[in-house]
Amino acid sequence: MNKFVAQKYAISALSWLGNNPTELENFLTECGASVGDLRQASTQPEFLVSVLDFFLTSDKLVVELSSHLDVLPQEIIEAREHLPGGNNTHWT
């Protein structure tokens, strides 16, 4: 895993959120962003961290994202570790 793969996972996670309105609303509420902020923010590694952090707050979300990405749940944690501030990441 490297930074670019980690960013790809986070962008895919953001895309998954876009197809799941309830979870998107929860994410936007949690991070304080608006739908209009997403396009620009998705290019910022610091924002992508918040996307993966959101998923890591819920076993259900990690499992759904890993299924969507066709990866093991552990790879979501590994992706988070390759983004800024990613050391010491813990999944619920």
Side-chain angles (χ1 to χ4, degrees):
M1 171 94 45
N2 61 44
K3 176 177 98 173
F4 299 106
V5 172
Q7 288 177 341
K8 178 182 163 192
Y9 282 11
I11 291 168
S12 293
L14 191 57
S15 175
W16 183 92
L17 286 171
N19 291 318
N20 294 275
T22 300
E23 295 300 344
L24 177 61
E25 184 176 328
N26 292 339
F27 170 70
L28 293 173
T29 299
E30 186 174 297
C31 74
S34 70
V35 172
D37 296 331
L38 294 180
R39 183 176 301 262
Q40 181 180 3
S42 69
T43 64
Q44 301 170 4
E46 296 79 12
F47 180 76
L48 295 176
V49 167
S50 69
V51 174
L52 292 183
D53 282 347
F54 174 76
F55 278 86
L56 291 171
T57 64
S58 164
D59 290 348
K60 175 185 170 271
L61 289 175
V62 169
V63 169
E64 288 185 22
L65 178 60
S66 63
S67 176
H68 173 73
L69 296 174
D70 197 24
V71 300
L72 296 172
Q74 179 63 30
E75 291 183 63
I76 306 302
I77 297 168
E78 290 174 25
R80 174 59 182 89
E81 292 171 350
H82 283 83
L83 294 173
N87 49 349
N88 299 319
T89 302
H90 300 283
W91 173 25
T92 61

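For Glu64, the side chain to side chain donor-acceptor pair (under 3.5 Å) partners at least two apart in sequence or on another chain are Lys60. Looking at residues two or more places apart in sequence or on another chain, you find no salt bridge (Lys or Arg N to Asp or Glu O under 4.0 Å) involving Glu75. Checked against salt bridge (Lys or Arg N to Asp or Glu O under 4.0 Å), Glu78 has no partners two or more places apart in sequence or in another chain.
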Enumerate donor-acceptor pairs with a distance under 3.5 Å from any side-chain N or O in residues 66-73 to protein atoms, sequence neighbours excluded.
from, atom 1, to, atom 2, distance (Å)
Ser66, OG, Val62, O, 3.1
Ser66, OG, Val63, O, 3.0

Can you give the donor-acceptor pairs under 3.5 Å from side chains of residues 13-24 to other protein atoms, not counting sequence neighbours?
from, atom 1, to, atom 2, distance (Å)
Asn19, ND2, Ser15, O, 3.4
Asn20, ND2, Trp16, O, 2.6
Glu23, OE1, Asn26, ND2, 3.4

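The hydrophobic cluster containing Phe4 does not contain Leu52, counting ILVMFWY residues as joined when their side-chain heavy atoms lie under 4.5 angstrom apart, directly or transitively.
Among residues at least two apart or in separate chains, ring-ring contact (aromatic ring centres under 6.0 Å, His included) pairs with a member in residues 17-44 are Phe27-Phe47, Phe27-Phe54. Here side-chain hydrogen bond (donor to acceptor under 3.5 Å, both in side chains) pairs that include residues 32-49, with residues two or more places apart or in two chains, are Ser34-Asp37.
One distance of note links CG of Leu83 with CG of Leu48; it measures 6.5 Å at 0.5 Å rounding. Expressed to the nearest 0.5 Å, how far CD1 of Ile77 lies from CD of Glu81 amounts to 7.0 Å.
The two residues Ala6 and Met1 make their nearest non-hydrogen contact at N-SD, 3.9 Å.
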